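Worksheet: the structure to be examined is printed underneath.
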Amino acid sequence: MNADSQSGSRSAPHAHLGKLDLLPAIDLRQGKVVRLRQGDDTQRTVYGEDPRQVLGDFAAAGARWVHLVDLDAAFGESPQRPLLDSLINTAKEHDLQVELGGGLRDRESVLWALEAGVTRGIVGSLVAKNFPLFESLVQEFPGRLVPGLDLKNGRLGVDGWTTTVELDFPRLQGLPCPAVLVTDIQRDGEMGGPNLELACSMARVTGIPALLSGGVHSLDDLRQAALQPEISGAVVGRALYEGRFSLQEALAASC
């Protein structure tokens, strides 16, 4: 689907007034902080043995958000709930807002995340597989659920990106979602530059501001994203862990 061709008469998402929310990412695999390439678990790099320390370092550097992903749950394994509980509580101590994704595929898991204290839950597979349930949850918890639009060649990646499906993206219009998380799967973890055009087009199609994810590798990427009225935030992972820039520099570039 060409998203721009769908957007003609539809209203644009609310502008973010020139400032991006910056969300440093902590992807959790078997209790460790990791990054994958294009969601491939065989291309896993471990960046930390202590996720709590990583979260504390982000808070000390001035972060206001943290983007947690339970990769175990995303791959259909047992969710890392004790660890997540601990991280959410640590985030509260540091006055950090938490966005959590990975394995939120039914009502029980969504309720667990929201009751555990996350600010926003990211829902991906459920959007494609049971849209009526997703819609009812969004209406029940307005402003707290973010559709995770993980895209590969215009199709939605589900089940930990192991398969892709079609989705009628304009169905999201009018839903009380604070953002749509837009990830270009083919750029995720590659640090080759984000797909700004994809994020902007999905924001226009859905009428919901986009969170940019996948490929951010320079401060200029963040400066360019901050110029796009359709983009309200950016998730940054590998570039931080590999020292391409500091979190303080990224926060400054996002203003």
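Residues take their numbers from the sequence shown, with the count starting at 1. We use all heavy atoms of the structure for the numbers below, so side chains are in, but hydrogens, waters and symmetry mates are not. Keep in mind that this is a model prediction, so the values were computed, not measured.
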[X] side chain vs [Y] backbone, donor-acceptor pair below 3.5 Å:
X      : Y      : answer
Asp221 : His217 : yes
Arg238 : Val216 : no
Asn89  : Ser86  : no
Gln80  : Gly31  : yes
Gln228 : Cys200 : no

Which distance, rounded to the nearest 0.5 Å, do you find between the [atom1] of [X] and the [atom2] of [Y]?
X      : Y      : atom1 : atom2 : result
Leu240 : Glu249 : CG    : CD    : 10.0 Å
Leu149 : Met202 : CG    : CE    : 5.0 Å
Asp106 : Asn130 : CG    : CG    : 10.0 Å
Ile208 : Leu181 : CD1   : CG    : 12.0 Å
Leu247 : Phe58  : CG    : CZ    : 6.5 Å
Leu137 : Leu111 : CG    : CG    : 7.0 Å

Side chain to side chain contact (heavy atoms under 4.5 Å, CB included) between Cys177 and Phe134: does it pass, once the steps are laid out? CA-CA 11 Å; Cys177 299; Phe134 166 74; 4.2 Å; yes

Tell me the closest heavy-atom pair linking [X] and [Y], and the distance in Å.
X      : Y      : result
Ala226 : Ser254 : CB-O, 4.1 Å
Val98  : Ala91  : CG2-CB, 3.4 Å
Ala179 : Leu211 : CB-CG, 3.8 Å
Ala61  : Leu251 : O-CD1, 3.7 Å
Leu20  : Gly233 : CD2-N, 3.7 Å
Leu222 : Ala250 : CD1-CB, 3.7 Å

[X] vs [Y] side-chain heavy atoms within contact, under 4.5 Å:
X      : Y      : value
Leu36  : Gln43  : no
Tyr47  : Lys32  : no
Arg120 : Arg144 : no
Val127 : Leu167 : yes
Leu68  : Leu87  : yes
His67  : Val69  : yes
Leu100 : Trp112 : yes
Tyr241 : Val54  : yes

Salt bridge (Lys or Arg N to Asp or Glu O under 4.0 Å) contacts in which one or both residues fall within residues 63-82, not counting sequence neighbours: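 Listed once each, the pairs are Arg29-Asp72, Arg29-Glu77, Arg64-Asp95, Arg81-Glu108.
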
Using the side chain to side chain contact (heavy atoms under 4.5 Å, CB included) rule, take Thr119 and Glu99 through it: C-alpha gap first, then chi angles, then the decisive distance, then the call. CA-CA 6 Å; Thr119 308; Glu99 183 174 85; over 6 Å; no

For a side chain to side chain contact (heavy atoms under 4.5 Å, CB included) check, start with the C-alpha distance between Leu22 and Val236, then their side-chain angles and the critical distance, and finish with the verdict. CA-CA 7 Å; Leu22 190 78; Val236 183; 3.7 Å; yes

Same cluster or not: [X] versus [Y], using hydrophobic residues (I, L, V, M, F, W, Y) connected whenever any side-chain heavy atoms lie under 4.5 Å apart?
X      : Y      : result
Val118 : Val66  : yes
Val235 : Val182 : no
Ile122 : Ile26  : no
Trp65  : Leu114 : no
Phe169 : Leu212 : yes

Salt bridge flag under 4.0 Å for residues Arg107 and Glu140: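 Yes, Arg107 and Glu140 are salt-bridged.
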
Filter on ring pair (Phe, Tyr, Trp, His ring centres under 6.0 Å), then keep only pairs touching residues 77-100, sequence neighbours left out; what's left?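 Checked against ring pair (Phe, Tyr, Trp, His ring centres under 6.0 Å) - neighbours excluded - no pair reaches residues 77-100.
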
